[in-house]
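This report concerns only the one structure given below.
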Amino acid sequence: GSTTAVFAIGKTAVSTDDMQIVVTGQFDDANVNPSGNSVTVTNVELAGADAGNYKLSVSLPLTLTGTIHKAANDTHPDISGTNPSLGMTNGRISGLDETMEYSSDGGKSWNTCPNGELTGLSAGEYRVRYKETRNYRASNISIITLKDSSVTEMVTITFYSDGKDV
């Protein structure tokens, strides 16, 4: 991320005047810090056609504490699945890596994904997302439903011994 600080400045000016307060500064660190980030203001000036009607007085450099909020992660994992055999626990989800996490209980709890694929799965709904990081919230969720592979037709098998019904 960038360390450039963007300031929202309240101003008191005649409503018809064209005047802005332009502030330049830098965060000490581009990462989210729960206790706040130090911001050094290096320049403050007035701009606009009517800036000459105003006087600005500030001592620089000025150090403030600012907040960097976690950014949204609008991506979602691109995964695929293989259904388990009827009644077995041999289903799998592929396309995973350790930056992802999965839930098999509707999102109540999350577990770190392995690299490659998650195996030994039974039929059910699985949710996969990118984990929350220092600077980003958890991503959107991909939901995959693994279904039991089932017999689609009833088949009757009759065994014969010596040409006669058994």
Side-chain angles (χ1 to χ4, degrees), residues 1-11 19-48 56 58-155:
S2 171
T3 59
T4 301
V6 177
F7 296 88
I9 304 294
K11 64 181 180 181
M19 190 276 294
Q20 300 85 39
I21 301 172
V22 179
V23 180
T24 306
Q26 295 288 314
F27 280 98
D28 64 337
D29 185 350
N31 295 304
V32 172
N33 182 344
S35 60
N37 295 72
S38 179
V39 181
T40 302
V41 176
T42 55
N43 188 45
V44 180
E45 60 186 43
L46 299 175
L56 178 66
V58 65
S59 296
L60 296 175
L62 178 64
T63 302
L64 309 169
T65 299
T67 304
I68 299 174
H69 298 281
K70 288 188 178 195
N73 184 347
D74 295 329
T75 61
H76 60 84
D78 183 18
I79 57 173
S80 61
T82 303
N83 290 326
S85 302
L86 185 61
M88 304 284 288
T89 56
N90 61 351
R92 73 183 87 215
I93 299 173
S94 302
L96 305 174
D97 65 52
E98 291 177 348
T99 66
M100 300 175 189
E101 56 191 0
Y102 74 95
S103 174
S104 59
D105 61 6
K108 293 177 188 167
S109 62
W110 294 89
N111 303 294
T112 297
C113 291
N115 279 321
E117 63 183 19
L118 184 61
T119 60
L121 302 176
S122 58
E125 181 181 276
Y126 297 86
R127 295 168 184 245
V128 180
R129 67 183 183 188
Y130 287 101
K131 293 187 227 179
E132 182 172 336
T133 66
R134 182 174 179 188
N135 294 320
Y136 289 91
R137 294 189 299 266
S139 74
N140 295 327
I141 297 170
S142 293
I143 298 175
I144 188 164
T145 303
L146 300 182
K147 298 179 180 179
D148 269 329
S149 299
S150 58
V151 177
T152 56
E153 294 181 25
M154 290 299 290
V155 177

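Owing to the predicted nature of the structure, the values given are computational and were not obtained by experimental measurement. Along the sequence shown, residues carry numbers from 1.
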Looking only at heavy atoms, which two atoms of [X] and [Y] are closest? And how far apart?
X: Phe27; Y: Thr4; result: CD1-O, 4.0 Å
X: Lys147; Y: Pro84; result: O-CD, 3.3 Å
X: Thr40; Y: Thr63; result: OG1-OG1, 4.2 Å
X: Ala123; Y: Asp148; result: CB-N, 3.7 Å
X: Glu98; Y: Asn115; result: N-OD1, 3.1 Å
X: Val128; Y: Met100; result: CG1-SD, 4.1 Å

Open item on the list: Can you tell me which residue among Thr89, Ile93, Asn90, Thr82 is in a side-chain contact (heavy atoms from CB on, under 4.5 Å) with Leu121?
Closed with: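 Single pass found, and it is Ile93.
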Open item on the list: Between Pro61 and Val41, is there a side-chain heavy-atom distance shorter than 4.5 Å?
Closed with: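 Val41 vs Pro61: side chains apart.
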- [ ] Measure the shortest side-chain to side-chain distance between Val44 and Leu60 over non-hydrogen atoms and say whether it is less than 4.5 angstrom.
- [x]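 The answer is yes; the side chains approach within 4.5 Å.
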Check the side chains of [Y] and [X] for a donor-acceptor pair under 3.5 angstrom, ignoring hydrogens and angles.
X: Asp28; Y: Gln26; value: no
X: Asn37; Y: Asp29; value: no
X: Ser103; Y: Lys108; value: no

Open item on the list: Taking the basic N atoms (NZ, or NE/NH1/NH2) and the acidic carboxylate oxygens, is any pair closer than 4.0 Å for Glu117 and Arg92?
Closed with: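 A salt bridge links Glu117 with Arg92.
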Open item on the list: Apply side-chain contact (heavy atoms from CB on, under 4.5 Å) to residues Trp110 and Lys131 and explain how you reach the verdict.
Closed with: CA-CA 9 Å; Trp110 294 89; Lys131 293 187 227 179; over 6 Å; no
Task: Atom pair OG (Ser80) and CG (Asp78), whose distance is rounded to the nearest 0.5 Å - done: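 So the gap between those two atoms works out to 7.5 Å.
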- [ ] First locate atom CG of Asn111, then atom OG of Ser104, and finally report the distance between them rounded to the nearest 0.5 Å.
- [x]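 One finds 6.5 Å between CG of Asn111 and OG of Ser104.
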TODO: Would you please name every residue forming a side-chain contact (heavy atoms from CB on, under 4.5 Å) with Thr99, sequence neighbours left out?
DONE: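 Partners of Thr99 under the side-chain contact (heavy atoms from CB on, under 4.5 Å) test: Asp97, Tyr130.
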Expected list for residues 70-77: side-chain donor-acceptor pairs under 3.5 angstrom, two or more places apart:
residue: Lys70; atom: NZ; partner: Glu132; partner atom: OE2; Å: 2.4
residue: Lys70; atom: NZ; partner: Thr133; partner atom: O; Å: 2.9
residue: Asn73; atom: OD1; partner: Thr75; partner atom: N; Å: 3.3
residue: Asn73; atom: OD1; partner: Thr75; partner atom: OG1; Å: 2.6
residue: His76; atom: ND1; partner: Ser142; partner atom: OG; Å: 3.4

